[in-house]
Amino acid sequence: MKSDSKRPGQVCDQKSEPRAKAASAAAPDAELNWPTAATCRQLRRQVLSWFAKHRRDLPWRRTQDPYGVWVSEVMLQQTQVPTVLDYWPRFMQRFPTVQDLAQAPIEDVLRIWEGLGYYRRARQLHAAATAIVERHAGKFPTDFADVLALPGVGRYTAGAVLSISQQQSWPILEGNTLRLYSRLLGLRTDPTTSANQKILWQYAEHLVPQCRAGEFNQGLMEIGGQVCKVKEPRCATCPLRTHCAAYQQGSQDQIPAEKTRKTKWETKTEVLVLLQHRSRWLGRTIPAGQRWAGLWDFLRFDVGWLEADKGSDPKWPQSDRILQWLQQEIEREFGLQCELAAGGEPIRHGVTRFRILLAWATGRVISGRLSPTATDQGWRWLSSTELQATALNVTARKIFNQDHRARTSR
DNA sequence: AATTCGGGGTC
DNA sequence: GACCCAGAATT
């Protein structure tokens with residue numbers, strides 16, 4: 001890491017810190033275990049010294065480059081550390097700088113992102129890189145408001161990137177710290193309500209030190225993830241147990257309180273068709289504005305309306321009846337005559353609001369040409385090489401690979 | 001304040 | 001299947 005003379009000693013020597021106003025000294029709620037200034041100082045030291053000893057060696061912790069830290073933080077949004085482990089190095093190798101990312105076609109970014117989920121993040125990351133090139137001459141901004149203004153960057157991510165890469169003093173609140181703060185405070189009500197979010201952010205502001213805020217924040221998250229776990233928190237070895245209201249009350253299991261959420265699922269039944277013509281497959285990119293925009297997909301049919309058959313046919317939705325219907329549809333919509341065969345086991349795909357039972361079929365074109373209407377909608381024949389290079393919907397990739405393996409092993 | 005993003009992994 | 005995860009944007 002370079003030692004820039006413009007930032008001597010980093011934030012410690014700065015008089016006025018570009019952070020949010022200090023939280024009021026008084027506790028927002030007398031019921032809560034709001035720490036005194038002395039307790040805060042002790043707690044900070046304990047976090048830093050614990051982190052120095054127990055810090056995991058994660059790939060993105062080896063850089064101080066704000067760009068690299070930013071990429072890692074976006075990947076880690078609602079995504080667990082082990083999942084990101086392989087993605088971050090690949091991404092950084094393919095797009096080493098903001099410029100590389102900005103210049104790359106979005107298709108390439110999505111291909112690297114494939115399987116990570118929440119693809120909007122990849123599009124926003126790409127758009128933000130373009131904005132950084134335009135607005136900040138390609139240099140990642142170090143002003144909080146500028147970082148916050150980037151698409152896909154909220155209060156957490158802006159604070160995390162600037163504290164970790166620049167040691168600027170900003171508070172953070174995410175999954176791990178939400179739980180940790182709630183227990184330390186003894187917050188017994190649903191921590192996700194806006195009133196409690198406000199309290200927790202205030203608490204984070206109250207705790208964050210002027211110096212080494214990045215290490216402190218990472219230490220908090222590490223304690224939250226490795227010690228202050230959801231189930232069976234390791235209080236006996238927690239460096240903060242003496243300050244923890246939940247530990248003193250023995251209420252670790254009740255905190256954080258259950259979220260009041262009502263998940264209503266909608267069940268869908270779909271059939272994906274891997275339609276082959278010579279050595280190419282029929283696919284298209286999903287149009288802009290729609291979900292999964294920019295990702296490739298194969299033919300996909302909603303067969304939920306045929307639910308009536310479900311009870312009577314054990315092989316549903318891969319029954320001959322469905323396959324016949326699919327053949328008719330493909331001839332009608334695409335002008336192609338084909339023969340179809342049922343694929344392997346249907347895949348259950350749980351996503352945010354839908355539970356999809358995805359069956360699949362493979363087929364070959366017997367005769368006909370792709371209709372102009374279909375061509376206009378972006379459908380075209382893709383080679384195996386092209387399919388390797390483009391970003392596919394995850395279940396589509398899974399099915400394609402499975403079919404490919406089955407074919408080559410025969 | 002609730003919902004979406006149609007994610008993915010883990011018990 | 002329920003729950004969690006280094007959340008953000010939209011309505």
Side-chain angles (χ1 to χ4, degrees), chain A residues 56 58 60-61 69-88 113-125 127-128 147-165 170-181 190-198 200-201 204 214 216-226 228-232 256 258-268 270 286 289-295 297 300 302 347-356 358 393-398:
Chain A
R56 282 178 295 177
L58 305 173
W60 49 90
R61 284 190 178 157
V69 175
W70 169 51
V71 170
S72 77
E73 288 302 339
V74 174
M75 285 185 170
L76 286 160
Q77 288 169 5
Q78 295 300 103
T79 307
Q80 301 185 55
V81 169
T83 308
V84 175
L85 237 35
D86 293 330
Y87 281 88
W88 189 81
W113 206 270
E114 187 190 288
L116 206 46
Y118 290 118
Y119 298 92
R120 185 169 63 182
R121 293 182 297 175
R123 279 185 283 276
Q124 288 172 326
L125 198 66
V147 179
L148 191 62
L150 297 171
V153 176
R155 186 175 180 186
Y156 163 74
T157 302
V161 172
L162 289 180
S163 66
I164 293 169
S165 68
W170 296 101
I172 57 160
L173 177 62
E174 39 65 71
N176 293 311
T177 43
L178 175 93
R179 183 173 55 255
L180 180 63
Y181 298 163
D190 179 359
T192 65
T193 65
S194 47
N196 279 340
Q197 287 280 303
K198 196 173 168 185
L200 291 167
W201 273 110
F216 177 75
N217 284 338
Q218 291 183 82
L220 287 177
M221 291 191 280
E222 199 86 322
I223 293 170
Q226 307 297 119
C228 196
K229 294 162 167 291
V230 185
K231 280 180 288 185
E232 300 179 14
E258 215 169 315
K259 293 166 192 140
T260 53
R261 96 161 73 128
K262 40 178 189 258
T263 44
K264 44 182 180 204
W265 296 85
E266 194 177 321
T267 321
K268 279 179 167 268
E270 297 176 354
I286 296 170
Q290 293 184 25
R291 291 160 173 174
W292 277 345
L295 295 187
D297 202 6
R300 188 181 286 259
D302 188 338
I347 296 173
R348 283 178 196 284
H349 185 202
V351 290
T352 310
R353 215 183 73 205
F354 298 108
R355 283 180 49 196
I356 303 174
L358 183 66
N393 163 313
V394 183
T395 50
R397 173 72 69 194
K398 208 179 283 183

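Letters A, B, ... mirror the listed sequences (proteins, then strands); counts begin at 1.
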Exercise. Ignoring backbone atoms, test whether A:Arg355 places a side-chain nitrogen or oxygen under 4.0 Å from the OP1 or OP2 oxygen of C:dG1.
Key: yes

Quiz item: Roughly, in whole Å, what's the span from CZ in A:Arg123 to C1' in C:dA8?
Solution: 14 Å

Exercise. For residues A:Met221 and A:Ile172, report the shortest heavy-atom separation together with the two atoms involved.
Key: CG-CD1, 3.7 Å

Quiz item: To the nearest angstrom, how far is A:Lys259 atom NZ from C:dC3 atom P?
Solution: 10 Å

Self-check item: Whole-Å gap separating C1' (C:dA6) and CH2 (A:Trp88)
Solution: 15 Å

Practice problem: For A:Leu220 and A:Tyr181, run side-chain contact (heavy atoms from CB on, under 4.5 Å): C-alpha distance rounded to whole Å, both residues' side-chain angles, the deciding distance at 0.1 Å, then the answer. | Solution: CA-CA 9 Å; A:Leu220 287 177; A:Tyr181 298 163; 3.6 Å; yes

Quiz prompt | Between A:Gln218 and A:Arg61: side-chain donor-acceptor atoms closer than 3.5 Å | solution = yes

Exercise. With C1' as the reference atom in both, quote the distance from B:dT3 to B:dG7 in angstrom, rounded to an integer.
Key: 16 Å

Exercise. Name the closest nucleotide to the A:Val230 side chain, picking from B:dG8, C:dC4, C:dA8.
Key: C:dC4

Quiz item: What is the distance, rounded to the nearest whole Å, between atom CD of A:Gln77 and atom P of C:dG7?
Solution: 7 Å

Self-check item: Separation between the C1' atoms of B:dC5 and C:dC5, rounded to whole Å
Solution: 15 Å

Quiz prompt | Below 4.0 Å: OP1/OP2 of B:dG7 and any side-chain N or O of A:Tyr87 | solution = no

Quiz item: With a non-hydrogen cut-off below 4.0 angstrom, is A:Trp60 in contact with a base, only sugar-phosphate, or nothing?
Solution: base

Exercise. Select base, sugar-phosphate, or nothing to describe what A:Thr177 touches, counting heavy atoms under 4.0 Å on all strands.
Key: nothing

Quiz item: For the pair made of CD in A:Gln197 and P in C:dA9, what is the distance, rounded to whole Å?
Solution: 15 Å

Quiz item: Can you tell me if A:Glu222 uses its side chain to pair, donor with acceptor, with the backbone of A:Arg56 under 3.5 Å?
Solution: yes

Quiz item: Roughly, in whole Å, what's the span from CD in A:Glu232 to P in C:dC4?
Solution: 14 Å

Quiz item: In whole Å, what is the span from the OH atom of A:Tyr118 to the P atom of B:dC5?
Solution: 10 Å

Practice problem: Could you check whether A:Val84 gets within reach of a base, just the sugar-phosphate, or nothing at all, counting any heavy atom under 4.0 Å? | Solution: nothing

Exercise. Taking only the side-chain nitrogens and oxygens of A:Gln78, find out if one of them lies under 4.0 Å from OP1 or OP2 of C:dC5.
Key: no

Practice problem: Go through A:Gln124 and A:Leu150 one step at a time and tell me if the side-chain contact (heavy atoms from CB on, under 4.5 Å) criterion holds. | Solution: CA-CA 8 Å; A:Gln124 288 172 326; A:Leu150 297 171; over 6 Å; no

Detail all sub-3.5 Å separations between protein N/O atoms and N/O atoms belonging to nucleotides 9-11 of chain B.
none

Quiz prompt | Phosphate-side-chain proximity, A:Arg120 and B:dG7, N/O vs OP1/OP2 below 4.0 Å | solution = no

Quiz prompt | Intermediate values then yes/no, side-chain contact (heavy atoms from CB on, under 4.5 Å), A:Trp201 and A:Arg155 | solution = CA-CA 10 Å; A:Trp201 273 110; A:Arg155 186 175 180 186; 3.4 Å; yes

Quiz prompt | Any side-chain donor near an acceptor of the partner, A:Tyr156 and A:Gln77, under 3.5 Å | solution = no

Quiz item: A:Val81 near the nucleic acid: base, sugar-phosphate alone, or nothing, with a heavy-atom cut-off under 4.0 Å?
Solution: base

Self-check item: Position toward the 5' end of DNA chain C (nearest nucleotide), A:Leu58 or A:Val153
Solution: A:Leu58

Quiz item: Using a cut-off of 4.0 Å on non-hydrogen atoms, how would the nucleic acid contact of A:Leu295 be classed: base, sugar-phosphate, or nothing?
Solution: nothing

Self-check item: Heavy-atom pair with the smallest gap, counting every atom of A:Trp70 and A:Val161
Solution: CA-CG2, 3.6 Å

Quiz prompt | Minimum-distance nucleotide to A:Asn393 side chain [options: C:dA6, C:dA8, B:dG6] | solution = B:dG6

Quiz item: Roughly, in whole Å, what's the span from CZ in A:Arg179 to P in C:dC4?
Solution: 9 Å

